[in-house]
Participant: 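Got a structure for you, questions after.
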Amino acid sequence: MTDHILIERPQGAPGVQVIRLDRAEKKNAITRAMYKAMTDALKAGVADESVRATLFLGSEGCFSAGNDLNDFMAFAMGGTMGREVIDFLHALAAHGKPLVSGVDGLAIGIGTTIHLHCDLTYASDRTQFRTPFVDLALVPEAASSLLAPRLMGHQRAFALLAAGEAFSAAAARDAGLVYAVVEPAAVEAEALAAAARLAAKPPKALSIARSLMRGDGADVAARIDEEAGHFAAQLKSPEARAAFEAFMARGRG
């Protein structure tokens, strides 16, 4: 477990497990250790009959700025990528219990695509969703290249995943990525209440209903692996190295 991922069982919400990103000083950028901690929590939630729903939360004003770019740079410079990210994505896609998310503020990269796997997402009216994959000479991940067009249609999905256009919370709701838009102070309470309502429902009936709507997931798992192959190759490419160096230079400027 890492100090940057908090696993909580809130009082007054029996059956709900909260996975909270808690690295606010780095805008909740997700490291390999954080991915590992979230994977372990998802698997533990499946194995624990007392867990009926899982809720993802970030910090006030920031859900996540995406992957920690230092991990990407280390791989691009010859290091190993590790299995942590892919293991998390597969655990997320294959999770057999309801997934809810509450989003306030920045939701970048995986901070956006994670919600494609959630059953209900509550976002504050100041939330901005953006996936600058191509801007960094990378490609979509988390099976977003499959799930987003299904959910949003080709043009909206292309605007999000390829053009890198930002989506407001209202635009994300209109596109089907978000269930409800609320005030920032209400995000956590609304998302937790929704997770608690799901946790109180007959679990087998809810599981069957969810499974019928989501399908068997084989295509999602295959797309996660296909995207990962392209992603890893692109990380080693000259254009990605140039994009990351330019990004880092802007950050130092």
Side-chain angles (χ1 to χ4, degrees), residues 18-30 38 54-69 89 92-93 98-195 197-198 213 227 243 246-247 250-251:
V18 174
I19 300 176
R20 186 187 297 274
L21 285 73
D22 188 40
R23 197 187 180 205
E25 72 280 4
K26 295 293 184 180
K27 298 181 181 179
N28 291 333
I30 306 175
M38 291 192 292
T54 292
L55 170 62
F56 286 99
L57 293 172
S59 305
E60 181 180 354
C62 183
F63 181 76
S64 175
N67 288 287
D68 189 294
L69 293 185
L89 295 178
L92 179 68
L99 294 169
V100 180
S101 54
V103 193
D104 178 35
L106 287 178
I108 308 299
I110 185 67
T112 286
T113 58
I114 192 174
H115 308 294
L116 291 167
H117 297 273
C118 291
D119 301 295
L120 292 171
T121 295
Y122 291 78
S124 74
D125 52 17
R126 65 181 178 182
T127 297
Q128 182 181 93
F129 298 92
R130 193 162 69 88
T131 62
F133 300 126
V134 174
D135 292 337
L136 293 172
L138 300 174
V139 300
E141 35 81 307
S144 59
S145 64
L146 177 71
L147 296 175
R150 284 181 179 176
L151 181 70
M152 308 165 70
H154 172 79
Q155 295 215 4
R156 281 173 168 167
F158 189 89
L160 178 69
L161 298 176
E165 298 291 341
F167 277 53
S168 67
R173 179 188 57 202
D174 291 345
L177 179 62
V178 164
Y179 173 64
V181 178
V182 299
E183 294 181 356
V187 167
E188 185 166 330
E190 292 283 352
L192 181 59
R197 289 194 296 271
L198 292 173
M213 286 186 279
E227 290 172 344
F247 180 87
R250 289 196 301 270

Participant: Between CG of Leu177 and OG1 of Thr112, what distance do you get to the nearest 0.5 Å?
Facilitator: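 Separation between the atoms: 7.0 Å.
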Participant: Could you tell me the separation between the CD atom of Gln128 and the SG atom of Cys62, rounded to the nearest 0.5 Å?
Facilitator: 11.5 Å
Participant: Side chains of Phe133 and Leu161: does their closest heavy-atom pair fall under 4.5 Å?
Facilitator: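 In short, these two side chains touch, coming nearer than 4.5 Å.
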Participant: Grab the two heavy atoms, one from Ala169 and one from Asp125, that are nearest each other, plus how far apart they are.
Facilitator: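 For Ala169 and Asp125, the tightest heavy-atom pair comes out as CB-CA, 4.3 Å.
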Participant: Working note: Asp119 + Met213, criterion side-chain contact (heavy atoms from CB on, under 4.5 Å); need CA distance, chi angles, decisive distance, verdict.
Facilitator: CA-CA 10 Å; Asp119 301 295; Met213 286 186 279; over 6 Å; no
Participant: For the CG atom of Leu57 and the CG atom of Leu21, what is their distance to the nearest 0.5 Å?
Facilitator: 9.0 Å
Participant: Please name the pair of heavy atoms, one in Glu165 and one in Arg130, separated by the smallest distance, quoted to 0.1 Å.
Facilitator: O-CG, 4.2 Å
Participant: If only atom types and distance count, is the side chain of Arg156 paired as donor or acceptor with the main-chain N or O of Ala171 below 3.5 Å?
Facilitator: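 No, because the side chain of Arg156 does not come within donor-acceptor range (under 3.5 Å) of the backbone of Ala171.
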Participant: Looking at Glu25, I'd like to know if its CD atom is crowded, meaning that more than 12 non-hydrogen atoms belonging to other residues, nucleotides or ligands lie closer than 6.0 Å.
Facilitator: yes
Participant: About how many Å separate CG of Leu160 and OG1 of Thr113, when rounded to the nearest 0.5 Å?
Facilitator: 9.0 Å
Participant: In Å and rounded to the nearest 0.5 Å, what is the CZ to OG distance from Arg150 to Ser144?
Facilitator: 12.5 Å
Participant: Taking all non-hydrogen atoms of both residues, which atom of Leu55 and which atom of Gly102 are closest, and how far apart?
Facilitator: CD1-N, 4.0 Å
Participant: So which atom in His117 and which in Leu99 form the shortest heavy-atom distance, rounded to 0.1 Å?
Facilitator: O-CD1, 3.6 Å
Participant: Has Ser64 got a side-chain atom pairing as donor or acceptor with Ala107's backbone, closer than 3.5 angstrom?
Facilitator: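 Not a single qualifying donor-acceptor pair exists.
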Participant: Does the Asn67 side chain pair with the main chain of Gly109, one donor and one acceptor, at a distance under 3.5 Å?
Facilitator: no
Participant: Quick check: closest heavy atoms across Tyr179 and Arg173, and the distance to 0.1 Å?
Facilitator: O-CG, 4.2 Å
Participant: For the pair His115 and Val178, evaluate side-chain contact (heavy atoms from CB on, under 4.5 Å) and give the outcome as yes or no after the intermediate values.
Facilitator: CA-CA 8 Å; His115 308 294; Val178 164; over 6 Å; no
Participant: Find out whether Leu198 and Leu120 are in side-chain contact, i.e. whether some heavy atom of one side chain is under 4.5 Å from a heavy atom of the other.
Facilitator: yes
Participant: I would like to know whether Phe56 and Met38 meet side-chain contact (heavy atoms from CB on, under 4.5 Å); could you show each step before the answer?
Facilitator: CA-CA 10 Å; Phe56 286 99; Met38 291 192 292; 4.2 Å; yes
Participant: Work out which heavy atom in Leu92 is nearest to a heavy atom in Ile114; give both atom names and the distance.
Facilitator: CD2-CG1, 3.7 Å
Participant: Could you check whether any side-chain N or O of Glu227 sits under 3.5 Å from a backbone N or O of Val139, counting only pairs where one atom can act as donor and the other as acceptor?
Facilitator: no
Participant: If we only count heavy atoms from C-beta on, is the Leu89 to Ile110 side-chain gap below 4.5 Å?
Facilitator: yes
Participant: When rounded to the nearest 0.5 angstrom, what is the spacing between CZ in Phe63 and CG in Leu106?
Facilitator: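 The CG atom of Leu106 is 12.0 Å from CZ of Phe63, to the nearest 0.5 Å.
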Participant: List the steps, then state whether side-chain contact (heavy atoms from CB on, under 4.5 Å) holds for Asp68 with Arg23.
Facilitator: CA-CA 11 Å; Asp68 189 294; Arg23 197 187 180 205; 2.7 Å; yes
